[in-house]
Amino acid sequence: MLRWPGMRVALLADIHANLAALEAVLRDAAAQGFDACWHLGDVVGYGPDPDAVVGRLVELEAPGVGGNHDGAAAGLLPLDQFVPLAAEANRWTAQTISPATLEFLRGLPQVVRDGGVTLVHGTLADPVWEYFSTYEAAERHFALQETPWSVTGHTHLPLVVRQGPVSGELDIVVPEHGGVVELGAGPVCINPGSVGQPRDGDARAGYAILDTGTGEATFRRVEYDIAATQQRMMAAGLPGPLIERLARGR
Ligand code: ZN
């Protein structure tokens, strides 16, 4: 399903219904050259364009996994498990989306495993909810990782974590724009950062290109029309703090 090996794959995590960010990322990826897209979940939630974003992923035939916001918008997860602002955005999303988007979100698997790579939104121990952001979470994840490489989302922070094959020690890299990371034989887990709501203080959209032939991941940050997304969020009546945070990248 993922086609393997020898391809350049745009890794898209946490798009969060931000169409302007997604289009900017796809233009940048086209300039870099890519053969396929994989997504890491949280396709919707927070942002103003859930149907258009899902439509783009369908056009691109992008395989991927479901995130917590996708589950909430699809009525698969209760809204009371979210902080109030996220719940409010998820309620808006659930009321707004087309039947085709609902079907797409309901059909997302929690884990995709193929060739040498595993895709999951959170961690393999808790695919939808757990943040890959502590040593304990990383160890639980790697204990269940059966492929050399895995790709996650959920934290909205670009990251590469490698586990020493003998020592089990974790080696952590925080890649910046243009950073190229050699993945090696693994086990390694990468997070491409967030397309639609970055949280590392850099407001530019984040993604990565994985070259399955060379085994390198290139991390990219892309300027996009933040004001355009903010205006659409305002028009939709989405919560102010969610609108304002996009400009800060937090
Ligand atoms: Zn997210």
Side-chain angles (χ1 to χ4, degrees), residues 10-22 25 37-50 53-54 56-57 62 64-74 76-94 96-97 101 104-105 108-112 119-134 137 141 150-159 189-208 219 221-222 224 226 229 233 238-239 241-250:
L11 302 175
L12 311 176
D14 297 279
I15 303 166
H16 282 295
N18 188 338
L19 183 65
L22 175 61
V25 158
C37 285
W38 300 343
H39 77 82
L40 283 307
D42 279 6
V43 170
V44 302
Y46 296 133
D49 290 302
V53 163
V54 166
R56 234 21 208 109
L57 294 180
V65 291
N68 49 324
H69 290 258
D70 304 318
L76 303 172
L77 294 175
L79 291 178
D80 62 13
Q81 292 186 20
F82 290 81
V83 297
L85 287 175
E88 195 177 331
N90 286 335
R91 196 172 298 115
W92 178 86
T93 305
T96 303
I97 54 176
T101 297
F104 174 91
L105 297 175
L108 291 173
Q110 291 198 339
V111 177
V112 173
L119 311 183
V120 64
H121 182 65
T123 72
L124 287 169
D126 186 351
V128 171
W129 286 109
E130 189 171 43
Y131 290 95
F132 193 111
S133 57
T134 63
H141 175 89
S150 65
V151 190
T152 62
H154 198 36
T155 62
H156 298 210
L157 306 171
L159 192 71
C189 177
I190 72 179
N191 185 324
S194 169
V195 172
Q197 195 203 71
R199 292 181 188 165
D200 59 355
D202 182 343
R204 295 177 295 177
Y207 81 106
F219 290 79
R221 299 304 281 262
V222 184
Y224 76 96
I226 295 174
T229 296
M233 290 174 77
L238 284 158
L242 298 180
I243 299 171
E244 180 261 333
R245 70 185 295 178
L246 288 181
R248 290 183 292 122
R250 293 281 178 200

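In listed order, ligands and their atoms are each counted from 1.
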**Asked** So, Ser194 and His16: side-chain donor and acceptor under 3.5 Å apart, yes or no?
**Response**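 On atom types as modelled, these side chains do not qualify, holding no pair under 3.5 Å.
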**Request:** Measure up the His69 and Tyr46 rings against each other and bin them: parallel (under 30°), tilted (30 to 60°), perpendicular (over 60°).
**Result:**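 If you compare the ring of His69 with that of Tyr46, the planes turn out tilted.
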**Request:** Measure the acute angle between the ring planes of His154 and Tyr131, then classify it against the limits of 30° and 60° as parallel, tilted or perpendicular.
**Result:**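 His154 and Tyr131: parallel rings.
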**Asked** In Å, rounded to the nearest 0.5 Å, how long is the span from CG of Asp42 to CD of Gln197?
**Response**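 If I round to the nearest 0.5 Å, the distance is 9.0 Å.
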**Prompt:** Would you call Arg221 and Asp200 a salt bridge, taking side-chain N to carboxylate O under 4.0 Å as the test?
**Reply:**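 Salt bridge: yes.
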**Message:** Would you say the rings of Trp129 and Phe82 are close, in the sense that their centroids are separated by under 6.0 Å?
**Reply:**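 Centroid separation for Phe82 and Trp129: below 6.0 Å.
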**Asked** Around the Zn ion (ligand 1), how many protein N, O or S atoms are closer than 2.8 Å?
**Response**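 Near the Zn ion (ligand 1), the number of protein N, O or S atoms below 2.8 Å is 4.
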